[in-house]
Every structure is written in structure tokens, then in C-alpha cells.
Amino acid sequence: MKKILYAFGIIMMICPANAATVIATVDGTPITDADITARVKLMARQGKTSTDNRRLALQNIIDDSVKLKYAANFNVKPTDKDADEELQKMELGELTASEKEMARSAMRANIAWQVVVARTIMPTVDVSREDIAAEKVSLEREHGLPLEMTMVRLVDVPDDVVSKLTKPKNCDDAVDIATRLGGAPQQFTAMQYELSADVREQIAGLPLLTWSKPKNDSVFLVCKTTKTKEYGKLDDIIKQNAIYKQSMFVADQQLKQLRRRAVVIINDDRYKL
């Protein structure tokens, strides 16, 4: 009996009570419940909360492993120093040792994947003028363009007055037309990105010297636009953004294929993907 108890004591010493449980393996590399907990805490610091966070955390760790392994084929191997430099920009606060190691691993994978995408996918992606035009309209509606705009605004306009608004020759003419119809026009100049979202939506794509359709009891007319220095670079910026978006879509499809090829074994049914 003493020998049995002695042997049991040896086993307990070899396998401490707080030993981490291996939830899954990716190509033989274990992922423990402690790893998942650290990733969940990291996600929370980034403002990502969900009732499914532990499964999402496992998925992210698996993806990180797949990205790093694939990037190694191109000799892309970000260091802890590379990761730490990027993490400092994120201002995540004080991290525990496990959170810091998990953050480094996630950032190494992110850096590696971005480099691989830039080298292998982005050079193959091209965008048309129509794509650029569509992105510009989207930007115009959501954030506004670097355009200085002189506008005329009519507030509380009856429908019968709207139907009588004719095309003006210039700003002064627009003010005169509105005044003759009994309106109190407001003329002002502003940067388009300074306008409220509802106004940007109302004037997006509106031709010069054309009255907008009434919305929220207001009618607008853009009588003059002046392009800023930033506007001259806008098409190039939009093109790069469009290429980046399309590249990341292709990269996401590629990641799914790489994930399917990886040998992923999940030991806990609660984490089945």
C-alpha cells in the first residue's frame, strides 16, 4: 500500500495540478487552455468582446501558426523586436507575461502575413477606373473629400417651392432665385469632410449648380468647388486603398486554403470549428 501511495506521489510531482490542458495542436504544435485565456484577454484589451471569444481566440491562434509557417517559405521571419515596436503603437497597457508573449506571437504573424501579401498578391492585383470612381464616391459619402465647397442651403422648403427652383448661373444667381421664391437662402463655404454625414450623403455626386432633392426639409446647391493640394494625390491614394482591399480579400481566401491543408487536431468538443 505504501509503495502504491509513493508511486502516486511521484506521479503528482511529475504532473502538477496546474498543468495546462492541450486543447488543440496545429501541425504538432500544442495550443493550451492557458494560451486561449491569454488570447481572450488580449482581444478584450483591443475592444473585441463576444460570448464566443474562446473559440474565436483558438481560431486566431491557429491562423497565426498557419501564417507564420507559410511566411517562412519566403524567409519572412519577424522578430520579437519587430513585434514589440508595433505593439508599442497600439497602447495596450501593462501586459502580463503570458499576454505579452501572446501579443508578440499575434503581431509576428500579422507582420509576416502583411509582407507575404505585399510580395505575392498585391503585385498581381489591378483596379479599373470604375473601381477608383466607386471608391471615391464611397469616400465622399462616408468621410468627405479634400474639397473646399461654396454652397447655398434652403431650410424648411415647401414642395411647391422646390418644383420652381431653376438652374442658376452662379452662387449669387442661386441666392436671388431662392429669395424671389420667398426663401431665406444661406450661403457658406466649408471643406467637404467638415460637413455632417447627412449633408455629405445629400450632395454626394451632385453636379455643380444643381439643386439637390429635399431631405430633412433642406435643399442644397453646390455652386463652386476648389481642389486642395491633397486632392491632387487622392486618386493615387484611393487606387492604393482599392488594391489593398482586393488583395486582402484574395489573401483571406488563400488563408482558408492553407488552414485546410494544416493538420489541426482539436481535443475538446467545445472548441470544434
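What you see is a predicted model; the values in this text were computed from it and never measured.
- The line from CG of Leu154 to CG of Leu221 is 8.5 Å long, rounded to the nearest 0.5 Å.
- Side-chain contact between Met43 and Asn60: present, with at least one pair of heavy atoms (C-beta onward) separated by less than 4.5 Å.
- Taking CD1 of Ile237 as the reference point, atom NZ of Lys136 lies at 11.0 Å (rounded to 0.5 Å).
- In this structure, Asp52 pairs ionically with Arg55, as a charged nitrogen and a carboxylate oxygen lie closer than 4.0 Å.
- There is a side-chain donor-acceptor pair under 3.5 Å between Asp198 and Ser196.
- For Gln254 (side chain) and Phe249 (main-chain N/O), no donor-acceptor pair under 3.5 Å exists by modelled atom type.
- In this structure, the side chain of Ser212 engages the main chain of Phe220 through a donor-acceptor pair within 3.5 Å.
- If you check the side chains of Glu142 and Ser138, you find a donor sitting under 3.5 Å from an acceptor.
- If you check the side chains of Gln59 and Asp63, you find a donor sitting under 3.5 Å from an acceptor.
- Using a 4.5 Å heavy-atom cutoff, the side chains of Ile36 and Tyr271 are in contact.
- The closest side-chain donor-acceptor pair between Arg54 and Thr37 falls under 3.5 angstrom.
- Of the possible polar contacts, one joining the Gln192 side chain to the Leu145 backbone as a donor-acceptor pair under 3.5 Å is found.
- A salt bridge is absent between Glu148 and Lys224: the closest approach of a Lys/Arg side-chain nitrogen to an acidic carboxylate oxygen does not fall below 4.0 angstrom.
- Legend: residues meeting salt bridge (Lys or Arg N to Asp or Glu O under 4.0 Å) with Asp217, ordered by chain and number and at least two apart, are absent.
- Residue Asp235 holds its CG atom at 10.0 Å from CZ of Arg129, rounded to the nearest 0.5 Å.
- Residue Arg108 is tested with Asp82, Asp80, Asp64 for a salt bridge (Lys or Arg N to Asp or Glu O under 4.0 Å); the sole match is Asp80.
- Atoms OG1 and OH, on Thr120 and Tyr70 in that order, are 5.5 Å from each other to the nearest 0.5 Å.
- Judged purely by distance below 3.5 Å, without hydrogens or angles, the side chains of Asp160 and Ser163 never pair a donor atom with an acceptor atom.
- Thr210 contributes a side-chain N or O that, together with a main-chain N or O of Leu208, makes up a donor-acceptor pair within less than 3.5 Å.
- Note that the CD atom of Glu140 and the CD atom of Glu201 stand 9.5 Å from one another [nearest 0.5 Å].
- Between the side chain of Asp268 and the backbone N or O of Ala24 there is no donor-acceptor pair closer than 3.5 Å.
- Judged purely by atom type and a 3.5 angstrom limit, Asp33 uses its side chain to pair as donor or acceptor with the backbone of Thr21.
- Under a hydrophobic clustering in which Ile, Leu, Val, Met, Phe, Trp and Tyr are joined whenever their side-chain heavy atoms come within less than 4.5 Å, directly or via other members, Leu139 and Tyr244 fall into the same cluster.
- Atoms CG and CE, on Asp35 and Met102 in that order, are 4.5 Å from each other to the nearest 0.5 Å.
- Checked by atom type and distance alone, the side chain of Gln202 pairs as donor or acceptor with a backbone atom of Lys213 at under 3.5 Å.
- Within the 3.5 Å criterion, the main-chain N or O of Thr96 finds a donor-acceptor partner in the side chain of Glu99.
- Side-chain atoms of Leu234 and Lys227, non-hydrogen and from C-beta on, never get closer than 4.5 Å to each other.
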Test side chain to side chain donor-acceptor pair (under 3.5 Å) applied to Asp176 and Thr179, step by step: CA-CA 5 Å; Asp176 288 342; Thr179 303; 5.4 Å; no
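- Judged by distance alone, with hydrogens and angles left aside, the side-chain atoms of Lys67 form no donor-acceptor pair with the main-chain N or O of Ala112 at under 3.5 Å.
- Ion pairing between Arg104 and Asp84 holds under the 4.0 Å rule for side-chain N and carboxylate O.
- The closest donor-acceptor contact from the side chain of Arg200 to the backbone of Leu195 lies under 3.5 Å.
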